[in-house]
Amino acid sequence: MISLQQRISRFSLNCCNISRFSRLFSTSSLGQAHKIQKTNPIQTNEQQIQVQPSHQPIKLNGTLLSKHIMESIKKDTDNFKSRSGITPHLVVIYVGDNPQIESYIKMKRIGCEKVGFKFTLDKFTEDINEDQLLKQIAYHSEDPNVNGIIVQLPLPSHIDSHKLIQSIDPKKDVDGLTSVNLGQIFLNKKPLFVPCTPLGIMEIMKAYNIKLQGKHVVVLGRSNLVGRTIATMISQKDMNNPSVLGGATVTLLHKYSKNINLHLRTADVVISATGVAGLVKKENLKNGVILIDVGISQQKDEKTGAIKLVGDIHSDAHSKSLAYTPVPGGVGPLTVTMLLRNVLKSSILQYKISSANIDKKLKSTLN
Ligand SMILES: Nc1nc2c(c(=O)[nH]1)N[C@@H](CN(C=O)c1ccc(C(=O)N[C@@H](CCC(=O)O)C(=O)O)cc1)CN2
């Protein structure tokens with residue numbers, strides 16, 4: 001009988017991430033994940049992967065992973081600030097007054113405070129028009145004291161989110177949603193910024209040494225924010241590109257897809273980002289599947305009547321999986337953490353560009 005660690009290691013194909021991971025989790029406080037990384041992956045025929053009736057699925061702990069990454073962002077930020085004298089600055093453009101969306105913005109503000117960034121919220125009522133918003137984005141795009149700009153989604157229907165996002169300077173596009181950054185992903189080139197949720201999914205996969213090469217991955221949902229982007233990334237061939245963990249055979253499903261359950265039954269990995277609570281059910285999954293849940297919906301608890309957060313994947317399905325991300329506490333916390341990492345990256349890039357320009361000026365003066 002093979003252990004769970006061996007089973008998850010068999011899912012992975014090589015151990016090139018172990019040193020990177022050990023560095024990240026040097027305190028070993030990620031418990032199970034740390035143990036998984038210590039095991040040498042054994043390469044055998046994947047047909048032999050069988051989930052024993054007694055197996056315990058691994059909970060992929062996004063909250064803990066996120067905390068570890070936050071610590072390293074804080075360290076790097078302190079370092080950057082003392083060298084450059086610059087405080088990274090994120091601007092969030094938001095239209096509306098939806099408490100759920102505002103709670104995400106609050107998480108971004110608190111995240112910025114934790115790592116020592118400046119945070120600005122430009123909040124507008126729904127009567128604002130597109131031109132006013134475009135002007136506001138142009139103003140921040142030109143401001144050398146702003147390093148990252150995001151348009152909080154979704155926007156009210158009278159505003160064209162594509163137009164607004166495209167107007168962000170790609171060097172400050174820390175959500176990675178401009179065509180310049182998304183286009184690089186499509187071309188299998190390294191973008192300046194990868195969208196935060198797909199980046200978070202990649203971080204979880206790397207941390208737990210889950211490799212996708214040759215696996216059948218079913219992605220539900222085709223948004224730029226998650227579905228289409230992660231589907232593109234994991235199907236790429238370049239395994240050496242740190243932003244790409246590729247080689248998967250991907251089926252991208254959406255609301256017009258037929259026979260969804262037929263596709264799910266052959267999936268080695270399911271990534272669901274639809275916001276439809278409980279869409280993915282146990283009976284339509286194979287044993288040993290890996291479940292990545294990006295959906296968040298509010299639901300009334302049948303027993304207590306309290307409102308709780310649930311994912312796209314019915315919690316009953318977890319028992320059939322090799323590993324799963326919980327909701328809450330899975331992919332969600334990494335979305336904000338990856339945003340902070342992108343803001344720091346953006347600040348460093350802009351600092352490098354501006355100091356290179358100063359150098360050039362100095363050189364031309366000397367000539
Ligand atoms: N411009 C953007 N808009 C939106 C994005 C985005 O990345 N950029 N993503 C989502 C919302 N979002 C951030 O904006 C976000 C969603 C969920 C979480 C999170 O941490 N979820 C927790 C539960 C939180 C809770 O208690 O409510 C979890 O899953 O554990 C953070 C950020 C759409 N819009």
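Note that ligands are numbered from 1 as they come in the structure, with each ligand's atoms numbered from 1 the same way. Since the model is a prediction, treat every value here as computed from it, not as a measurement.
Atoms of ligand 1 lying under 4.0 Å from any heavy atom of Thr335, numbered from 1 in the order shown and given with element: 7 (O). Below 4.0 Å from some heavy atom of Asp175 lie the following atoms of ligand 1, by number and element: 1 (N), 2 (C), 7 (O), 8 (N). Counting the atoms of ligand 1 from 1 in the order shown, those under 4.0 Å from a heavy atom of Ile296 are 17 (C), 21 (N), 29 (O). Every atom of ligand 1 is numbered from 1 in the order shown, and the set under 4.0 Å from a heavy atom of Val336 is 31 (C), 32 (C).
For the salt bridge (charged side-chain N to carboxylate O under 4.0 Å, His left out) condition, the pairs that include at least one residue of residues 85-114, sequence neighbours left out, are Glu102-Lys123, Arg109-Glu113. Residue pairs satisfying the salt bridge (charged side-chain N to carboxylate O under 4.0 Å, His left out) criterion with at least one member in residues 136-163, sequence neighbours excluded, are listed as follows: Glu130-Lys163.
For Arg341 and Glu203, the salt-bridge test passes: some basic side-chain N is under 4.0 Å from an acidic carboxylate O. Comment: Lys171 engages Asp169 in a salt bridge, judged by a side-chain N to carboxylate O separation of less than 4.0 angstrom. Contact check on Lys135 versus Asp131 returns no salt bridge, with no Lys/Arg side-chain nitrogen under 4.0 Å from an Asp/Glu carboxylate oxygen.
Considering backbone and side-chain N/O of Gly332, one or more are found under 3.5 Å from N/O of ligand 1. Residue-to-ligand polar distances place Gln152 within reach of ligand 1: an N/O pair is separated by less than 3.5 Å. Residue Gly329 places at least one N or O, backbone or side chain, under 3.5 Å from an N or O of ligand 1. Any N or O atom pair closer than 3.5 Å counts here, and Leu309 shares no such pair with ligand 1.
In this structure, a donor-acceptor pair under 3.5 Å is present between the side chains of Thr266 and His216. Residues His140 and Asp122 bring a donor and an acceptor atom of their side chains to less than 3.5 Å of each other. Gln350 and Ser346 are linked by a side-chain donor-acceptor pair at a separation below 3.5 angstrom, with hydrogens and angles left out of the test.
Within the 4.0 angstrom cut-off, atom 13 (C) of ligand 1 has one or more protein heavy-atom neighbours.
Here Leu225 has side-chain heavy atoms under 4.0 Å from ligand 1, and that is the only part of it that gets that close. Counting heavy atoms closer than 4.0 Å to ligand 1, residue Lys108 contributes side-chain atoms (C-beta onward) but none from N, CA, C or O.
Atom 24 (C) of ligand 1 has Met107 CE, 3.2 Å as its closest protein atom, hydrogens excluded (heavy atom only). Nearest non-hydrogen protein atom to atom 3 (N) of ligand 1 is Leu153 N, 3.2 Å. Of the protein's non-hydrogen atoms, Tyr104 CE2, 3.4 Å is the one closest to atom 16 (C) of ligand 1.
Here the side chain of Asp293 pairs a donor or acceptor atom with the backbone of Asp312 at under 3.5 angstrom.
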